[in-house]
Amino acid sequence: MEKKLQPLKQFKGVEGPLLTIVMDGVGIAKGEAGNAVKAAHTPTLDRLMRDYPMVTLRAHGTAVGLPSDDDMGNSEVGHNALGAGQVFAQGAKLVSQSIESGKIFASAAWQEIVSSVKENGSTLHFLGLFSDGNVHSHINHLKALIEAAKAAGVARVRVHILLDGRDVGETSALDYVLPFEDYMAALRSPDFDICIASGGGRMQITMDRYEANWGMVERGWKTHVLGEGRAFASAAEAIETYRNEYHVIDQDLPPFVIAKDGKPVGTIEDGDAVVFYNFRGDRAIEISKAFEGGADFDRFDRVRVPQVKYAGMLEYDGDLHVPSRYLVNPPEITNTQSEYLVGTGIPQLAISETQKYGHVTYFWNGNRSGKFSEELETYIEIPSDVVPFEQRPWMKCAEITDRLIECLRSGKYRYLRVNFPNGDMVGHTGSFLATECAMEALDLQLARLLAVVEELHGAAIITADHGNADEMYEIDKKTGAPKQSKSGTPVAKTSHTLNPVPCILFDPSNAGAYRMKAQNPAFGLSNIAATTVNLLGYEAPAMWDESLIEFAE
């Protein structure tokens with residue numbers, strides 16, 4: 001059934017192109033402590049917030065389909081909400097519900113994994129991000145799987161841990177590893193052998209995304225599968241040693257292998273099973289392809305490819321069916337904005353650099369890899385630099401803007417969307433000065449873009465998918481002041497925030513034709529889709545959340 005928008009009676013739509021600008025990771029914090037957005041010299045953003053209609057939007061917790069309002073938002077669920085116009089239960093919530101109901105353990109994939117390991121007398125490996133950040137994974141999900149494996153009669157389990165320091169405190173790894181060692185000791189018995197087998201920082205191994213750096217996945221493969229790498233007696237010893245030697249935060253710690261009597265304790269062998277327990281898809285796809293790829297896999301030399309039963313926590317790519325086996329069904333996101341724009345015949349463009357390209361395409365379109373229309377949709381990916389983001393905080397924002405201005409002037413596109421990753425990717429490094437620079441670089445591009453939008457009698461929605469750059473220090477909730485390290489410096493915060501994000505309407509050509517609704521605490525990212533089609537001159541579908549604008553009677 002074709003999904004077509006109906007024209008509005010009150011407004012014919014903006015004359016020129018409509019552009020949505022996603023300033024990734026740019027929230028609005030109450031205070032100034034650690035606020036790189038506030039500290040940066042951003043005259044364009046300041047002018048937008050002062051002179052143009054603006055509301056703030058919820059971009060975390062239940063507003064984007066996560067289990068509770070204590071859960072920080074992320075780019076995946078944020079772009080799902082932006083593109084879908086409604087809220088769907090998301091990864092963490094889906095997995096938690098499946099565990100609570102027991103459906104995950106009744107699934108064909110789990111039953112196949114357990115049966116295979118028991119029949120072969122082999123090892124069940126769990127691999128994933130080792131924290132409770134609840135953005136890519138949750139350690140409680142891992143524990144539930146381990147306990148279910150033991151209850152089902154699995155005799156040997158190995159855990160391969162990817163250290164976080166990004167969605168949680170930057171040097172919090174031991175806060176997870178040490179209690180987990182006690183947890184495993186309590187589970188261990190003559191019939192159940194469990195231990196940590198390997199690990200490393202999430203930005204060093206395994207968790208690459210959008211094929212930006214397959215070398216990360218290769219290092220992870222060598223570490224987890226082949227057992228190659230620097231050996232330690234325990235994960236805690238590896239973490240403490242690397243911290244003293246490299247002076248880096250957890251996400252950048254090098255890979256390590258746990259060894260006993262000179263041999264790795266947990267290489268992955270023929271007949272074993274592997275569960276990648278991350279629920280978020282973007283950083284899970286490449287390692288899944290490495291495990292499931294056949295003889296034509298050419299991204300790196302895998303050296304040895306064990307014949308294993310491999311499963312993801314979810315299906316990470318519903319169109320490409322990666323992986324082929326998964327424990328929990330992903331949300332079925334339907335009636336997206338792109339579907340309706342295509343059904344109405346509206347040409348549209350999506351552009352970003354590699355780090356967020358999938359967010360304005362795959363996630364925006366409801367976890368769909370392909371286009372709804374090759375004729376009406378254009379995707380542009382600007383290749384990201386493979387360097388630490390704090391060393392080049394401007395990233396590719398100027399190059400993105402160059403191409404976007406060309407596309408705006410071309411007259412080919414009625415609707416365009418862009419993601420500038422700077423606030424998020426640089427914010428994750430924990431470097432306040434680099435993030436301040438990132439915001440200033442972004443502000444320069446906003447000025448360039450909006451001048452062209454105004455010239456073309458168009459309009460722009462300027463927003464964000466979640467906070468990050470707005471809170472670069474860990475804040476003491478009681479005092480509102482930054483937490484202090486032993487050396488007396490503020491403790492860097494590398495994770496997302498719970499702060500709202502801005503939604504600004506830039507439309508100089510249509511002043512007075514409509515108005516922004518009064519601030520409502522219920523407003524969230526999902527309200528932007530209806531706003532978008534209203535500005536294009538169409539009624540929003542009934543199932544979408546309400547528009548942020550209204551017209552005079």
Side-chain angles (χ1 to χ4, degrees), residues 123-134 136-147 149-150 154 156-189 192-207 216-217 219-269 272 274-278 283 287 494-495:
T123 303
L124 174 52
H125 300 262
F126 292 105
L127 168 61
L129 187 62
F130 193 68
S131 80
D132 57 2
N134 218 33
H136 291 266
S137 68
H138 199 294
I139 197 169
N140 288 348
H141 297 163
L142 169 63
K143 289 179 178 179
L145 295 175
I146 290 172
E147 290 164 21
K150 180 179 180 180
V154 172
R156 188 165 58 252
V157 165
R158 294 294 180 263
V159 185
H160 305 264
I161 61 175
L162 302 172
L163 305 177
D164 196 342
R166 190 176 177 93
D167 298 326
V168 293
E170 61 177 4
T171 54
S172 59
L174 293 177
D175 295 338
Y176 300 100
V177 168
L178 296 178
F180 193 75
E181 291 285 4
D182 293 336
Y183 167 80
M184 291 190 296
L187 285 178
R188 205 172 284 128
S189 70
F192 188 65
D193 174 18
I194 182 172
C195 64
I196 294 172
S198 71
R202 60 179 282 181
M203 295 305 289
Q204 289 295 310
I205 62 172
T206 312
M207 279 179 60
M216 284 174 58
V217 187
R219 289 191 293 274
W221 183 270
K222 290 179 177 178
T223 304
H224 313 309
V225 178
L226 306 181
E228 295 179 0
R230 187 170 173 181
F232 294 89
S234 69
E237 180 187 51
I239 293 165
E240 290 172 336
T241 301
Y242 281 153
R243 282 180 179 169
N244 291 330
E245 291 181 0
Y246 291 90
H247 305 289
V248 294
I249 60 178
D250 294 344
Q251 63 180 326
D252 295 320
L253 290 170
F256 59 85
V257 173
I258 307 304
K260 185 177 181 181
D261 299 328
K263 294 183 179 181
V265 300
T267 57
I268 299 177
E269 306 292 338
D272 287 354
V274 179
V275 172
F276 195 77
Y277 62 84
N278 284 21
R283 294 190 183 274
I287 188 65
T494 55
S495 62

message = For Tyr277 and Phe130, I'd like to know if the aromatic rings sit close, meaning centre-to-centre distance below 6.0 Å.
response =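 No, the ring of Tyr277 stays outside the 6.0 Å limit from the ring of Phe130, centre to centre.
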inquiry  = Could you check, using the six-membered ring where one of them is a Trp, whether Tyr176 and Phe180 have ring centers closer than 6.0 angstrom?
reply    = no
request  = Begin with the C-alpha distance, continue with both residues' side-chain angles, and end with the deciding distance and a verdict on salt bridge (charged side-chain N to carboxylate O under 4.0 Å, His left out) for Asp272 and Arg158.
outcome  = CA-CA 10 Å; Asp272 287 354; Arg158 294 294 180 263; over 6 Å; no
Got [X] and [Y] here, is their nearest side-chain heavy-atom distance under 4.5 Å?
X      : Y      : answer
Arg283 : Met203 : yes
Met184 : Ile196 : yes
Val159 : Val157 : yes
Ile287 : Leu127 : yes
Phe126 : Leu145 : yes

Between the side chains of [Y] and [X], is the shortest nitrogen-to-carboxylate-oxygen separation below 4.0 Å, so that they form an ion pair?
X      : Y      : value
Arg202 : Asp252 : no
Arg243 : Asp250 : yes
Glu228 : Arg219 : no

inquiry  = Looking only at side-chain N and O atoms, does Thr267 offer a donor or acceptor that is under 3.5 Å from a partner on Glu269?
reply    =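 Indeed, the side chains of Glu269 and Thr267 share at least one donor-acceptor pair under 3.5 Å.
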ask   = Thr123 and Arg156: side-chain donor and acceptor closer than 3.5 Å?
value = yes
Which atom pair, heavy atoms only, marks the closest approach of [X] to [Y]?
X      : Y      : answer
His160 : Gly266 : CE1-O, 3.2 Å
Gln251 : Thr494 : NE2-CG2, 4.4 Å
Ala235 : Ile161 : CB-CD1, 4.0 Å
Lys143 : Tyr183 : O-OH, 3.1 Å
Ser198 : Thr223 : CB-CG2, 3.7 Å
Pro179 : Leu174 : CD-O, 3.7 Å

Spell out, as yes or no, whether a donor-acceptor pair under 3.5 Å connects the side chain of [X] to the backbone of [Y].
X      : Y      : answer
Glu237 : Ala233 : yes
Asn278 : Leu129 : yes
Arg188 : Ile194 : yes

Aromatic plane relationship, Phe232 with Tyr242 - under 30° parallel, 30 to 60° tilted, over 60° perpendicular = perpendicular
ask   = Mind checking whether His138 and His141 have parallel, tilted or perpendicular rings, split at 30° and 60°?
value =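 The arrangement is tilted - the two ring planes meet at 30° to 60°.
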So how far is it from [X] [atom1] to [Y] [atom2], rounded to the nearest 0.5 Å?
X      : Y      : atom1 : atom2 : value
Lys150 : Ile146 : NZ    : CD1   : 11.0 Å
Gln204 : Phe256 : CD    : CZ    : 12.5 Å
Leu187 : Asp182 : CG    : CG    : 11.5 Å
Leu142 : Ser137 : CG    : OG    : 8.5 Å
Asn134 : Asp132 : CG    : CG    : 8.0 Å
Thr241 : Leu253 : OG1   : CG    : 10.5 Å

inquiry  = Between Thr206 and His224, does the side-chain contact (heavy atoms from CB on, under 4.5 Å) criterion hold? Intermediate values first, please.
reply    = CA-CA 9 Å; Thr206 312; His224 313 309; 2.8 Å; yes
